[in-house]
Amino acid sequence: MLAGELALAGVDVAVVERRASQDLVGSRSGGLHSRTIEVFDQRGIADRFLTQGQVAQVAGFAGMSLDISDFPTRHNYGLALWQKHIEHILAGWVDELPITIYRRLEVTGFVQDDTGVDVALSDGRSLHADYLVGCDGGRSLVRKAAGIDFAGSDPTTSNLIAEVEISGEPEWGIRRDVIGIHAFSRPEDGSVRVLVTERQVGTGEPTLRDLSEALIAVYGTDYGVHSPTSISRFTDMARQAESYRKGRVLLAGDAAHVHPPDGGQGLQTGVQDAVNLGWKLAQVINRTSPESLLDTYQAERHPVAALVLRNTLASVALRREDERTKALRDTMSELLAMAELRKRFAGMMSGLDIHYDLGEGHELLGRRMPDLDLVTAAGPIRVFTLLHGARPLLLNLGEPGAFDIGPWAHRVRTFDASYDGAWELPVLGAVAAPGAVLIRPDGYVAWVGGPTPTPLADVLTRWFGPPGAA
């Protein structure tokens, strides 16, 4: 996702990928929440995912479903879609862009100075780059080599998830007990998918023996499990990088934050990290903006992931099967049935309530721009359609031609339109109709107002560089 964002901004970008292709063995975590679908819609690729997945209400907290069908968004649902399909779709998009991918290679180290980063590869070659971004997962070599602390909590529980063959007839469906949650299911391809909580916290790469022992501890038998296609382990460890940047090295996705998979928020948070960082890094590389713009990546995204860590840890605690926790979970379920609380938690879990602190002002400031159906002289058009090229947009909803942004005209697109419908935001509800909005490439509103040139000029300078920049 980050490579795609940088390529759209004209940056020469390369991906170092240890796998030979985007083929992913096994049905690992998957699914898209509403805001992530919106992000893909902003780039014109949402339909690629929607045609392959199953639309459903997937938002939830601690196993309690949260319906967002009444939320004011074009995508008031989630999408059930395995990660292997998500990766293939993104790879297809990237193939259409000028991006170099070095496959079957790993980063083994790097050296940075004031002029750039020299990146050592596993085949003995090296690459020189202006910046290096570690998107290399929870065990990130880039993060470790940069000396960035990964503070947080150690795991208290672990689960195995696998695709296997079995000799016996298992207990299909979900089982809950004092150890945890377990399940047998059969995906479309005919294999058997197993989820089992281990009695003790597991470490290292999981084996078939680990899976067998965990099943026997729960079911009294391993059902003759054999021929695994994939076996992986996840825990409730929660850690976050203290800094998302050290010099010319940055982090995104699981390299910056790991947490329990409850709520399916990891993939969503990583994609939105990339979309927040991409346009900012591109402007710094293209010498449009000063390097200080990168500080806003940490300022905006670190709190978002910190909240994800908090709500996933709370969710894990509520999933325990002792009588006291069950009573607490039942109480929470009753509370979440109340409209206001349901909307608040659903907004958090779906990503639709993200609010970057851009100062005091209109309720839209720092929030996602709604995908309105605009009226123009040339015909109707959606807001998200105007964001496909990942360029900033000054949307004028008042007198046509009211804005002349002069030095920024080649960087920021100005568009005249009208909209007579209601303005409504998830969780917050109705807001006052603005006369104009300045929308960042990531779809968040940077300024709200009318043709008042001085404050708008300040905001344009802050986000899209000084008047005399490239």
Side-chain angles (χ1 to χ4, degrees), residues 1 4 22 24 26-93 161 173-174 183 185-189 193 195 261-272 274-275 308 311-312 315 333 336-337 339 342-354 368-373 380-385 387-388 421-422 424-427 442-443:
M1 190 70 205
Q22 291 304 125
L24 191 63
S27 297
R28 298 190 186 183
S29 63
L32 301 175
H33 281 304
S34 177
R35 179 55 189 157
T36 309
I37 301 172
E38 285 191 341
V39 167
F40 292 145
D41 203 352
Q42 290 173 184
R43 297 299 177 260
I45 58 174
D47 285 347
R48 305 186 189 195
F49 299 90
L50 294 172
T51 55
Q52 293 196 31
Q54 181 177 354
V55 169
Q57 292 297 328
V58 300
F61 179 72
M64 294 171 273
S65 180
L66 299 168
D67 192 336
I68 66 168
S69 60
D70 60 345
F71 273 29
T73 168
R74 201 175 298 272
H75 304 290
N76 53 1
Y77 49 78
L79 189 71
L81 185 65
W82 292 120
Q83 181 181 329
K84 60 185 179 183
H85 300 308
I86 294 171
E87 289 207 25
H88 266 292
I89 295 167
L90 281 175
W93 178 54
I161 187 168
I174 297 174
S185 61
R186 191 180 293 279
E188 294 177 359
D189 61 8
R193 194 164 193 253
L195 169 69
D262 283 47
Q265 299 168 88
L267 186 154
Q268 329 298 321
T269 308
V271 166
Q272 292 174 58
V275 175
V308 171
N311 72 51
T312 54
S315 179
S333 181
L336 290 176
R342 188 262 304 175
K343 288 181 179 180
R344 180 170 179 176
F345 272 74
M348 175 179 69
M349 301 304 291
S350 64
L352 291 169
D353 74 335
I354 291 174
R368 53 175 276 288
M369 177 66 187
D371 185 25
L372 308 177
D373 290 306
I381 192 169
R382 293 168 48 201
V383 169
F384 285 3
T385 301
L387 296 175
H388 285 183
E424 189 176 1
L425 296 177
V427 184
D442 58 359

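Computation of the quantities below employed the complete heavy-atom set of this structure, encompassing side-chain atoms and omitting hydrogens, waters and symmetry-equivalent molecules. Remember, predicted model here, so these are calculated numbers, not experimental data.
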Given M1, Q272, Q265, the one that forms side-chain contact (heavy atoms from CB on, under 4.5 Å) with T36 =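 Of M1, Q272, Q265, side-chain contact (heavy atoms from CB on, under 4.5 Å) with T36 is met by Q272 alone.
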Stepwise side chain to side chain contact (heavy atoms under 4.5 Å, CB included) check, V58 with L32 | CA-CA 8 Å; V58 300; L32 301 175; over 6 Å; no
Can you give me the closest heavy-atom contact between [X] and [Y], atom names plus distance?
X: G53; Y: L79; answer: C-CD1, 3.6 Å
X: V427; Y: G347; answer: CG2-CA, 3.8 Å
X: L425; Y: P370; answer: CD2-CG, 3.9 Å

Do K343 and D70 touch side chain to side chain, with heavy atoms closer than 4.5 Å?
->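 With C-beta onward as the side chain, the pair touches.
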Under the side chain to side chain contact (heavy atoms under 4.5 Å, CB included) rule, what do F71 and D353 come out as? Steps first, then yes or no, please.
-> CA-CA 11 Å; F71 273 29; D353 74 335; over 6 Å; no
How long is the straight-line distance from [atom2] of [Y] back to [atom1] of [X], given to the nearest 0.5 Å?
X: S34; Y: M349; atom1: OG; atom2: CE; result: 13.5 Å
X: I37; Y: Y77; atom1: CD1; atom2: OH; result: 5.5 Å
X: S350; Y: Q57; atom1: OG; atom2: CD; result: 10.0 Å
X: N311; Y: F61; atom1: CG; atom2: CZ; result: 6.0 Å
X: D41; Y: H75; atom1: CG; atom2: NE2; result: 3.5 Å

Derivation of the side chain to side chain contact (heavy atoms under 4.5 Å, CB included) call for M369 and L387 | CA-CA 11 Å; M369 177 66 187; L387 296 175; 5.7 Å; no
More than 12 heavy atoms of other groups within 6.0 Å of E424 CD =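 Yes - once you tally the heavy atoms of other residues, nucleotides and ligands closer than 6.0 Å, there are more than 12.
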Is atom CZ of R344 surrounded by more than 12 heavy atoms (other residues, nucleotides or ligands) closer than 6.0 Å?
->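 Counting other residues, nucleotides and ligands, CZ of R344 stays at 12 neighbours or fewer.
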Listed partners of F49 passing ring-ring contact (aromatic ring centres under 6.0 Å, His included), at least two apart =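 F49 satisfies ring-ring contact (aromatic ring centres under 6.0 Å, His included) with F40 once adjacent residues are dropped.
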Suppose we screen for side chain to side chain donor-acceptor pair (under 3.5 Å). Which residues come up paired with [X], at least two apart in sequence or across chains?
X: R35; result: E38, Q42, Y444
X: H88; result: D23
X: H33; result: none
X: S69; result: D67

Do any N or O atoms from the side chain of E87 and from the backbone of W82 form a donor-acceptor pair under 3.5 angstrom?
->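 Side chain of E87 to backbone of W82: no pair is present.
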Report the residues that fulfil salt bridge (Lys or Arg N to Asp or Glu O under 4.0 Å) with R74, sequence neighbours left out, ordered by chain and then residue number.
->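 Residues passing salt bridge (Lys or Arg N to Asp or Glu O under 4.0 Å) with R74: D371, D373.
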Report the C-alpha distance between I45 and I89 in whole Å, list the side-chain angles of each, state the deciding distance to 0.1 Å, and finish with yes or no for side chain to side chain contact (heavy atoms under 4.5 Å, CB included).
-> CA-CA 9 Å; I45 58 174; I89 295 167; 5.9 Å; no
